There are 2 protein chains.
Amino acid sequence: MATRRYEQRLRAQSAEQTRRRVLDAVYDQLPKIPSVDAVARQAGVARSTVYLVFGSRAGLFDALLHDVSERGGFADLVRAVQDPDPLTHLRGAVLASTRIYGGQRDVLVALRAEAASLEGALERTEQGRLGGLVHLANRLDENGLLAVEKDVAVDVLWTLTGFEAFDALHTGRGLPVDDVAARLLLTAERTLLRLPPP
Amino acid sequence: MATRRYEQRLRAQSAEQTRRRVLDAVYDQLPKIPSVDAVARQAGVARSTVYLVFGSRAGLFDALLHDVSERGGFADLVRAVQDPDPLTHLRGAVLASTRIYGGQRDVLVALRAEAASLEGALERTEQGRLGGLVHLANRLDENGLLAVEKDVAVDVLWTLTGFEAFDALHTGRGLPVDDVAARLLLTAERTLLRLPPP
DNA sequence: GCAGCGAAAGACAAGTTGTCTCGCGAAATG
DNA sequence: CATTTCGCGAGACAACTTGTCTTTCGCTGC
């Protein structure tokens with residue numbers, strides 16, 4: 001049974017293609033949350049293949065979560081965070097994250113609905129956001145811009161920059177994405193800053 | 001086939017009892033979201049009885065929604081809204097609703113998870129909250145207390161008094177209920193009021 | 001007693017997730 | 001070119017769920 005070397009080129013590449021086709025099939029069926037069978041049919045793939053590639057329904061949505069994290073305007077968010085001016089940092093972070101939520105809204109709703117099966121994978125993703133907010137609060141504090149305790153600032157930013165706050169205004173109140181960003185930014189600035197804009 | 005009069009006393013009362021037993025069985029199994037079968041077994045009732053009384057799984061959770069609305073500290077909320085001072089009104093409303101969310105957290109999470117089957121029944125319940133917030137914003141405006149547009153005030157209050165904002169701080173950040181209320185109230189006051197507290 | 005009705009019991013259909021087996025066919029290797 | 005390897009389709013099966021319907025039991029109310 002001396003297993004011989006086996007380097008994949010075309011095969012690995014075609015495997016990656018079916019993986020993508022399945023993920024795209026999930027996007028295609030949003031905002032309805034599809035069954036594994038529906039995803040497989042839409043992707044033109046056997047249902048057993050989905051289980052082969054992703055392990056389970058939860059594994060499929062876990063992969064979807066990572067896919068969302070790697071896509072979409074996260075570049076803008078990273079750029080905003082690197083601005084030397086803390087106020088521009090704040091402004092850019094709220095605007096960029098709101099636009100991400102607006103673009104990915106359906107996927108994020110689906111992932112929230114599947115959250116029970118995801119065993120905290122969603123929360124783990126949010127750890128990064130929390131870290132960024134702590135950093136932001138520190139910078140604002142160092143520059144003497146904060147009108148409240150640093151802990152309080154983190155809590156307020158956590159609430160305002162989450163998907164739930166976005167969706168409350170966007171879906172709940174019917175506001176367009178940029179209006180949502182304006183409301184959230186206004187709230188953050190007037191609550192946190194020593195000299196808020198009028 | 002002349003159907004004769006039939007006034008129910010004990011029978012209607014026992015029917016009401018099984019209805020309550022079923023609803024209580026749902027509460028018993030929280031925070032896990034139970035199947036109809038599990039609810040029936042916990043209630044000591046046949047599964048078919050659940051369907052007889054509530055029509056469907058969605059009907060069961062719809063009844064649960066109404067049950068939650070009628071229970072819990074909604075009396076405090078109503079009392080707060082009737083205070084002559086708009087600032088006390090604001091303060092009392094945020095505090096009371098936060099405490100309701102804290103007490104009913106598991107049920108509300110379950111209802112949110114079932115929201116897809118509930119066909120907007122949850123949103124209809126939220127209409128009452130929106131109406132109350134519009135009223136509050138009007139009163140603040142009439143007294144010259146608002147530092148922002150009335151529409152903006154409603155949007156901000158909508159975000160801050162929703163269950164999602166509560167849960168972001170309570171579950172997401174691990175804050176006790178009264179600390180959550182403090183953060184939310186601070187944010188509302190500093191954002192909306194012309195002369196916010198320090 | 002007798003009729004009405006709440007409720008149990010249980011069969012049945014349909015949809016879902018998850019597991020496993022079998023086998024084809026194309027890519028990789030010597 | 002022959003052989004190995006492995007991605008993937010096809011399909012059977014088990015287990016669980018929602019939802020519907022029929023039959024039967026037993027207590028209540030006239």
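Within every chain, numbering begins at 1; the chains are lettered A, B, ... in the order of the sequence lines, protein sequences first and strands thereafter. Just so you know, these numbers come straight off a predicted model, no measurement behind them.
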Salt-bridge present ([X], [Y]; N to O < 4.0 Å):
| X | Y | result |
| --- | --- | --- |
| A:Arg139 | A:Glu142 | no |
| B:Arg105 | B:Asp167 | yes |
| B:Arg71 | B:Asp24 | yes |

Which of parallel (below 30°), tilted (30 to 60°) and perpendicular (above 60°) describes B:Tyr101 and B:Phe163?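 B:Tyr101 and B:Phe163: perpendicular rings.
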In the 5'-to-3' direction, what one-character label does each nucleotide of nucleotides 9-22 of chain C receive under the scheme B = base within less than 4.0 Å of a protein heavy atom, S = sugar-phosphate only, - = no such atom? BBB----SBBBB--
Of all pairs that satisfy salt bridge (Lys or Arg N to Asp or Glu O under 4.0 Å), the ones with a partner from residues 87-97 of chain B, not counting sequence neighbours: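 Residue pairs with at least one partner in residues 87-97 of chain B: B:Arg91-B:Glu189.
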Rounded to the nearest Å, what distance is computed from the CZ atom of residue A:Arg21 to the C1' atom of nucleotide D:dG7?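 Atom CZ in A:Arg21 sits about 12 Å away from atom C1' in D:dG7.
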Check the distance between D:dC6's P and A:Gln17's CD and give it to me in whole angstrom.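 Answer to the nearest Å: 19 Å.
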How would you label the contact of A:Gly44 with the nucleic acid (heavy atoms, under 4.0 Å): base, sugar-phosphate, or nothing?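 The answer is sugar-phosphate, as A:Gly44 gets under 4.0 Å only of primed atoms, P, OP1 or OP2.
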